[in-house]
**Q** 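Quick one: this structure, given as structure tokens, is what I'll be asking you about.
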Amino acid sequence: MKKAFFTLMLVAFTVAVSGAVKKTKLRVLYVGGHSNLETFATDVDSLENVRSIQERTASFEQFLNAYFTTVKVIPAEEYNYKMSYDYDVTVLDGEPEPIKAAQSLKDGDRYVKTVYAQYFPDDFDRPVVTIAEMGETVGRYMGLKTDWYCLCLDAWAHHMRLQHPIFKGPYKVNVTLENRPTPESAKDYAPMVGETLPDITPMWKVNSKGYMTHKNFKVGMVSRPWGFEDSPEAEWISGGLSSKSIDAMALGRHGSFFHWGFAAAPMDMTEEAKPLLANAIVYISKFAGQHVIARKLHENIPTRIEAKESAYRVTKECWESYKKTIDDFNKQTKQLSDSLKAVQAAGGKIGKMEQMYLQWQPQPTPSYEEWVQENAGELFTRFGQDEKAYAAYYTENTPYLYGTLYDYNLKLDEDAKSLGLANNDKRLLDKAITLWETNEDVAKGKRILQRYTLLRYKTAKEYRDWYRKYEKKLFFTESGGWLWLVDSQDKNVPGNDYGVLHYNEIPEQKTPAISGATNRDNPVLVSGVVNELAGDEKELVIRMKMHRGFHVYGFVAEQDPYIATTFDIQTTGDYKKVGDLRLPAFRALGTTGTTVYEGDVLFKQRIKGSGEGSVTCTVTYQTCDDHACLPPRDVTLTFQLNN
């Protein structure tokens with residue numbers, strides 16, 4: 001779209017600013033393109049969306065002009081990162097054209113790796129405010145910590161750090177707190193990390209509208225909190241009402257990027273919150289020239305918090321909590337199913353959601369032994385059902401656990417443990433260099449230095465010279481790759497170059513075939529078969545096998561931002577579907593009515609016909625776990641039929 005597309009008479013719509021404000025001398029570039037409607041995985045009328053984009057752009061334009069001396073408004077397709085060097089702050093509210101397109105590597109139909117689109121060079125250091133999910137969109141390639149934890153942020157902020165500069169000025173921010181119920185999802189997660197949350201949480205209303213109260217309203221985004229502040233150029237500022245952990249980040253900074261996770265335009269923000277957005281723009285302008293140091297190139301990289309989670313998952317308390325949830329749901333759902341069957345038998349109408357409960361089957365609950373075996377992984381062979389042994393293991397070994405950018409699981413560093421030095425203790429680097437210098441254990445020293453630094457020196461002397469020079473500036477980052485980096489804005493400082501990992505590259509050689517096992521890159525395997533039944537009937541069976549801890553969605557309540565699993569089944573020839581798709585057992589997610597499938601489940605559809613033909617099924621699903629939701633995927637399976 002061109003500039004004319006975004007021009008809208010401001011008299012058609014007014015952004016209220018309480019009283020006259022003194023403008024701050026800043027040059028602000030607004031890059032638009034988003035509407036006030038949620039377009040992610042939803043059907044939106046194109047004309048209505050165009051009108052909404054115009055309204056949203058006009059809203060931001062008038063708001064920015066009220067607070068700043070120079071404002072330029074352009075659509076995203078006209079933006080290039082070089083334009084930001086002519087402005088003090090860029091407000092990014094639309095997706096620009098990338099400077100390098102995304103690339104995907106597959107092995108047949110199986111996903112292997114994606115190198116995400118690049119929008120900024122790695123050394124980009126101009127101040128940018130990203131709205132809603134734009135922090136994830138433009139930041140994934142360069143490793144911003146403003147990743148996609150969940151596109152589920154509503155209208156309220158909580159646990160704000162009110163002493164942070166954005167709450168202090170230059171514009172006055174009034175914060176009126178309201179006691180609201182603590183989100184059930186946050187309360188459910190808290191025991192996994194040894195916390196108990198109160199029933200009530202003081203909250204501050206940022207948006208006057210939200211997706212939970214206004215259908216199809218744009219949804220905001222929270223980022224993962226774990227490891228967010230483990231590097232000096234990152235700040236966690238505020239949480240927000242979402243369906244994730246209580247500390248999911250709604251407002252924060254990484255380098256010269258400010259994440260404003262709330263989705264509303266100024267037209268739909270509260271009068272109290274508008275000055276905060278203006279202050280955030282002023283605040284980020286002070287970070288001109290500062291680039292990202294610690295790069296979160298893999299959004300699901302494990303952090304040490306997962307040791308706490310792992311220890312809790314194998315406890316009887318965790319199992320009993322899960323079992324109670326399933327037992328309660330089975331009891332309540334049986335009563336509902338029985339009553340709906342009675343309504344149907346009497347000729348009454350059954351709604352879309354209720355249809356699902358007509359097919360309800362009790363969800364089995366695992367024994368404690370089955371639960372531990374499922375959650376303990378390889379440690380089950382050592383500790384069995386001894387939860388005290390697991391607790392002792394994690395207490396003893398947590399200082400020596402580490403992760404990498406290439407997988408999701410914590411590993412035990414036997415090298416660090418043998419030295420009795422935690423990997424986030426810089427004395428470990430000093431000792432590793434000494435092992436090399438003295439020939440005491442050169443191999444161990446080299447392993448440690450390569451594991452925890454981005455240096456690839458050939459001699460111990462080079463490492464020693466680097467260590468002596470930068471020792472006081474070294475910091476350890478888990479979210480940035482379990483690495484020791486240098487706190488320096490010198491773009492050429494040795495030890496901060498992630499290029500040595502070649503992470504954002506697609507290997508040219510053919511990768512080995514992928515096995516049929518699930519993993520956290522491919523948490524769902526979809527397969528199918530057509531079974532022969534009596535006479536001219538057949539049965540299409542679709543299997544969804546999910547990785548431990550992941551689920552897909554059955555029915556999704558209107559107030560939840562998830563994507564329901566759907567099956568588009570088409571037949572050719574003389575074949576027709578018979579009856580409805582038969583569903584497996586499901587369980588409730590929270591209290592809204594949303595249901596999920598987990599484990600290994602089967603969906604069955606009877607088919608009747610003869611002769612030559614085919615049946616094609618396209619499965620659309622979204623996968624989530626406790627830490628994140630993945631973008632929706634489609635899998636299409638086709639089977640030839642004959643009788």
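Everything numeric here is computed off the predicted structure, so don't read it as measured data.
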**Q** Who are the salt bridge (Lys or Arg N to Asp or Glu O under 4.0 Å) partners of Asp93, not counting sequence neighbours?
**A** Arg56
**Q** Do Asn49 and Leu47 have side-chain heavy atoms sitting under 4.5 Å apart?
**A** no
**Q** Is any side-chain heavy atom of Glu48 closer than 4.5 Å to one of Ser46?
**A** no
**Q** Does one side chain, of Thr477 or Lys296, offer a donor that lies under 3.5 Å from an acceptor on the other?
**A** no
**Q** Mind checking whether Tyr119 and Tyr141 have ring centres under 6.0 Å apart?
**A** no
**Q** Restricting to side-chain contact (heavy atoms from CB on, under 4.5 Å), what partner residues turn up for Arg27, sequence neighbours left out?
**A** Thr70, Tyr87, Asp88
**Q** Using side-chain heavy atoms (C-beta onward) and a distance below 4.5 Å, is His547 in contact with Val524?
**A** no
**Q** Within the 3.5 Å criterion, strictly below it, is a donor on Asp125 or Ser256 matched to an acceptor on the partner's side chain?
**A** no
**Q** Taking Gly255's backbone N and O only, do any of them form a donor-acceptor pair with Arg253's side chain (distance below 3.5 Å, no angle check)?
**A** yes
**Q** Can you name the salt bridge (Lys or Arg N to Asp or Glu O under 4.0 Å) partners of Asp199, sequence neighbours left out?
**A** Lys187
**Q** Applying side chain to side chain donor-acceptor pair (under 3.5 Å), name anything that partners Thr565, two or more places apart in sequence or on another chain.
**A** none
**Q** Could you list the residues that satisfy side chain to side chain donor-acceptor pair (under 3.5 Å) with Ser238, not counting sequence neighbours?
**A** none
**Q** Got a sec, which residues hit side-chain contact (heavy atoms from CB on, under 4.5 Å) with Ile200, two or more places apart in sequence or on another chain?
**A** Asn179
**Q** So does Asp230 pair up with Lys145, basic N to acidic O under 4.0 Å?
**A** yes
**Q** Distance alone, cut at 3.5 Å: any donor-acceptor contact between the side chains of Thr566 and Tyr621?
**A** no
**Q** Under a 3.5 Å threshold, yes or no: a donor from one side chain and an acceptor from the other, between Thr270 and Ser208?
**A** no
**Q** In Å and rounded to the nearest 0.5 Å, what is the CZ to CG distance from Phe262 to Asp268?
**A** 14.0 Å
**Q** Taking the six-membered ring for Trp, are the ring centroids of Phe257 and Phe120 within less than 6.0 Å of each other?
**A** yes
**Q** Hey, is Lys205 close enough to Glu272 for a salt bridge, meaning N to O under 4.0 Å?
**A** no
**Q** Measure from the side-chain N and O atoms of Glu38 to the backbone N and O of Val219, and report whether any donor-acceptor pair falls under 3.5 Å.
**A** yes
**Q** Using ring centroids (six-membered ring only for Trp), state whether Tyr553 and His551 fall under 6.0 Å.
**A** yes
**Q** Do side-chain atoms of Gln622 reach the backbone of Tyr562 as a donor and acceptor pair under 3.5 angstrom?
**A** no
**Q** Once salt bridge (Lys or Arg N to Asp or Glu O under 4.0 Å) is applied, do any residues pair with Lys286, and if so which ones, sequence neighbours excluded?
**A** none
**Q** Just jot down the side-chain contact (heavy atoms from CB on, under 4.5 Å) partners of Glu229, sequence neighbours excluded, or say none.
**A** Arg161, Glu235, Trp236
**Q** Would you say that Tyr597 contacts Phe603 through its side chain, given a criterion of any heavy-atom pair below 4.5 Å between the two side chains?
**A** yes
**Q** Are Phe586 and Tyr357, when compared by the centres of their aromatic rings, separated by less than 6.0 Å?
**A** yes
**Q** Measuring from Leu64:CG to Lys72:NZ, what's the distance to the nearest 0.5 Å?
**A** 14.0 Å
**Q** Thr182: which residues meet the side chain to side chain donor-acceptor pair (under 3.5 Å) condition with it, sequence neighbours left out?
**A** Thr201
**Q** Look only at the side chain of Thr24 and the backbone of Leu26, and say whether a donor-acceptor pair between them is shorter than 3.5 Å.
**A** no
**Q** Under 3.5 Å, which donor-acceptor pairs link side chains of residues 150-160 to any protein atom two or more places apart or in another chain?
**A**
from   : atom 1 : to     : atom 2 : distance (Å)
Asp154 : OD1    : Tyr211 : N      : 3.0
Asp154 : OD1    : Met212 : N      : 3.2
His158 : NE2    : Gly240 : O      : 3.1

**Q** Side chains of Tyr30 and Thr90: do they bring a donor and an acceptor to under 3.5 Å?
**A** no
**Q** Would you please say whether a donor-acceptor pair under 3.5 Å links the side chains of Asp634 and Thr618?
**A** no
**Q** Inspect the contact between Glu271 and Lys274 and indicate whether a charged nitrogen and a carboxylate oxygen are less than 4.0 angstrom apart.
**A** yes
**Q** Who are the side chain to side chain donor-acceptor pair (under 3.5 Å) partners of Lys82, not counting sequence neighbours?
**A** none
**Q** Taking salt bridge (Lys or Arg N to Asp or Glu O under 4.0 Å) as the test, write out the residues that go with Glu95, two or more places apart.
**A** none
